[in-house]
Amino acid sequence: MNKKTKTIIWVVAAVLLVVLLAVLLMDVVGGAKKILFDEFAVLLKETFTGTDINGDGVITKITELSVEPYKWTAVVKDGDKVIATYTTIAPEIYSFDSLYSFFALLAPEHVNSGLSQLPFSLEFADPNAGSIWSSLLPFFGLILLCVVFWMVLRSTSGANPSSMNIGKSKAQMQSNLKVRFSDVAGAEEEKEELKEVVEFLKSPKKFQALGAKIPTGVLLVGPPGTGKTLFAKAVAGEAGVPFFSVSGSDFVEMYVGMGAKRVRDLFDMAKKNQPCIIFIDEIDAVGRRRGAGLGGGHDEREQTLNQILVQMDGFESTESIIVMAATNRADILDPALLRPGRFDRQITVNLPDVKGREQILKVHARNKPMAPDVNFKTIARITAGFSGADLANLLNEAAILAARENKKFIENVHIFDAVDKVEMGLKKKSYVMTEEDKRIIAYHEAGHAVLAGLCKYCDPVHEVTIIPRGNGAGGFTMTRPAEDSVFTSYNEMLDDICMTLGGRVAEELVVKNVTQGASGDLRMVTATARRMVTQYGMSDKLGLVAYDSDQPVFVGMEYGHTDKVYSEETAAAIDAEIRRLTSEAHARATKLLMENRSILDNMARVLVEKETIYTEEVEMLMKGANWQEVIAEMDKNGEERMKNPFASMVKDEPKTDEPKTEEPVAEPATKAEEPAQNAEETPADGENTNE
Ligand code: ADP
Ligand code: MG
Ligand code: ZN
């Protein structure tokens, strides 16, 4: 705020003060006695009846009465001399008629023939006219206030003239956003998926002319700080369309009914500005599963959610509005939100891997002077588990440290100190990975992947990563079916069990100290084995009998299964069979991994270095390539892969629209996943055990 506006504000404030004082003084000088309306009515009654009603020995005779809305004043005069003035806050009286009925009520015998016979003179203020002063004062005040606000606003928000608030909807509209895809680093696959949305927003007519069905809603799912908001803005920026943003939590703080109204306002506004993007950040605040949760008081949220659904369903095919939303947790969202025509497109935004982190660092270092020996590769290497926001924060902290030392450049020391500092904050949230954690997870995932490669009936490996994905997975190994096969044969199931046990077995072989990371795997193995025995009749001992009812069985539901239709002995036999199947698979997995130990070691090493590998690398490793060769190859192809992140996926099969992660429910696991490596449970001593 500059000096000139400051003085203006002071002057305005002073004027306001003087006006206020004047109003107060006028009241005091008038010397009217303020009384309750009941007392006032008594005085009026005394005037009409001429009797001492309040028993104070005086019969008050009002000589003048002035009636304004809410403010009545009575003057008692003796000749020309004012004896007393009374004022009260009164109910509003709209007309002479209503005033007359009031008097008639007050003193029925004495008020019978019209107002002309009143014992006092009456001044009846027209509510529309009023005295000049009293009606102009608030008006002036308002104008002054507006001026002051306008000045304050202008002096603070002058920086961004293109953003504005939409009425009461609390949403922000921004046009001409400067954010581009190039500002979002590393997330190539996500970008690729969003490019389609950009294209549609750029030329909606082209798509509509061909009758193409356009996505209404795009849901960005991913951990905090991975750039979901940034992505939404980049889409608007790339397409050059207005961006209406609102946060889910904005809807819930207000009175009942406000949330729904805000949603309506927001969508109305968007409809007038097509094509455009509506972005609902943190949609879980309103979009939580209905009827779940604690206590009552969900009305407001539900109404808001319903309104969002209604609005999205109401889109015509000619409308070119895309609703984007972001959440950390898709699993708690109301399923209604995910139905076709609503947020039917989900894009997972993951924590960045080494390469992604390097690129994010480069983006955020663009306007920071770096010492020449700062190596982003190294920083990326030591920041596993950091999100994009953490990395931005890291460079900012480093800049602050450098500035404090009056340096011209940000040097390595500053960065390493900043890493420690940011990490400390992250440790509390327990998702930071030490080198030892990385090594354990790498062996675990390599165990899955190597066995998937060795077992004849396992699907080929698509991706292996040690970067946590989604809720609490330490890493994962993803296979994709080579062809669509609905049947899962005995051999496939056995191989699947073997491969799923691979993580645990690798830990047993190498780390000699098994972590809790394999519990998810074990649950899955047990589930598959149980199905083999009890549903598919795949055990000779128990024969061709389906012991469990034929309801679709979900992994994880099995333990709660109570409606057993067989005896205790059979139950024991089933358990024994499950144990036999799994321990045989365990033995086979151990044998295979011991025989192929060098592949396991090499793959784990590549994973520690690169964090994520794909089909090609897995194949190279399975053929016996050592880790240096694979890494060299990856570095060589690196540039190309950046340009076309799908190269490896579309190599020998046409791109299907089959989702690439989630497995169909009834099929055995193709994806092995396990709970988070909790950083607090592998404490500092993890770093100084073996190398
Ligand atoms: P989210 O909405 O997923 O919580 P944001 O979009 O708010 O995350 O990201 C916060 C900040 O982190 C961004 O403003 C940006 O500076 C930084 N950031 C996150 N991801 C990236 C990325 N992929 N590339 C560049 N910067 C990123
Ligand atoms: Mg966000
Ligand atoms: Zn596993």
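Quick note: residue numbers are just sequence positions, from 1. We count ligands from 1, going down the list as the structure has it; atoms in each ligand are counted the same way.
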Could you check whether [X] pairs with [Y] (Lys NZ or Arg NE/NH1/NH2 to Asp/Glu carboxylate O, under 4.0 Å)?
X: D183; Y: R366; result: yes
X: K355; Y: D353; result: no
X: R381; Y: E358; result: no
X: E584; Y: R580; result: yes
X: E238; Y: K191; result: no

Test of proximity, I360 against ligand 1: N or O pairs below 3.5 Å: no
Polar contact flag for T229 and ligand 1 (N/O pairs, less than 3.5 Å): yes
From [options] - option closest to [atom] by heavy atom:
atom: atom 10 (C) of ligand 1; options: P352, A389, A392; result: A389
atom: atom 9 (O) of ligand 1; options: P223, G227, G186; result: G227
atom: atom 13 (C) of ligand 1; options: L230, T327, N393; result: L230

Nearest neighbour in protein (non-hydrogen) for [atom]:
atom: atom 18 (N) of ligand 1; result: G388 C, 3.7 Å
atom: atom 22 (C) of ligand 1; result: A185 N, 3.6 Å
atom: atom 4 (O) of ligand 1; result: G225 N, 2.8 Å
atom: atom 16 (O) of ligand 1; result: H364 CE1, 2.9 Å

Look at the side chain of [X] and the backbone N and O of [Y], then say whether any donor-acceptor pair between them is shorter than 3.5 Å.
X: N602; Y: S598; value: yes
X: E507; Y: R504; value: no
X: R329; Y: D284; value: no

Is the shortest distance from a heavy atom of [X] to ligand 1 less than 4.0 Å?
X: A187; result: no
X: K233; result: no
X: D183; result: yes

Those residues that, when tested against N396, pass side-chain hydrogen bond (donor to acceptor under 3.5 Å, both in side chains) (two or more places apart): none
Gap separating the CE atom of M594 from the NZ atom of K591, nearest 0.5 angstrom: 10.0 Å
OG1-CD1 distance between T612 and I466, expressed to the nearest 0.5 angstrom: 7.5 Å
Sole candidate of E611, E445, E609 that passes salt bridge (Lys or Arg N to Asp or Glu O under 4.0 Å) when paired with K438: E611
Under-2.8 Å protein N/O/S neighbours of the Mg ion (ligand 2), ordered by chain then residue number: T229 OG1
Minimum heavy-atom distance between D495 and Y457, given as atom pair plus value: OD2-N, 2.8 Å
N/O/S atom of D521 inside 2.8 Å of the Zn ion (ligand 3), strictly under: yes
Proximal atoms of ligand 1 relative to P224 (non-hydrogen, under 4.0 Å): 4 (O)
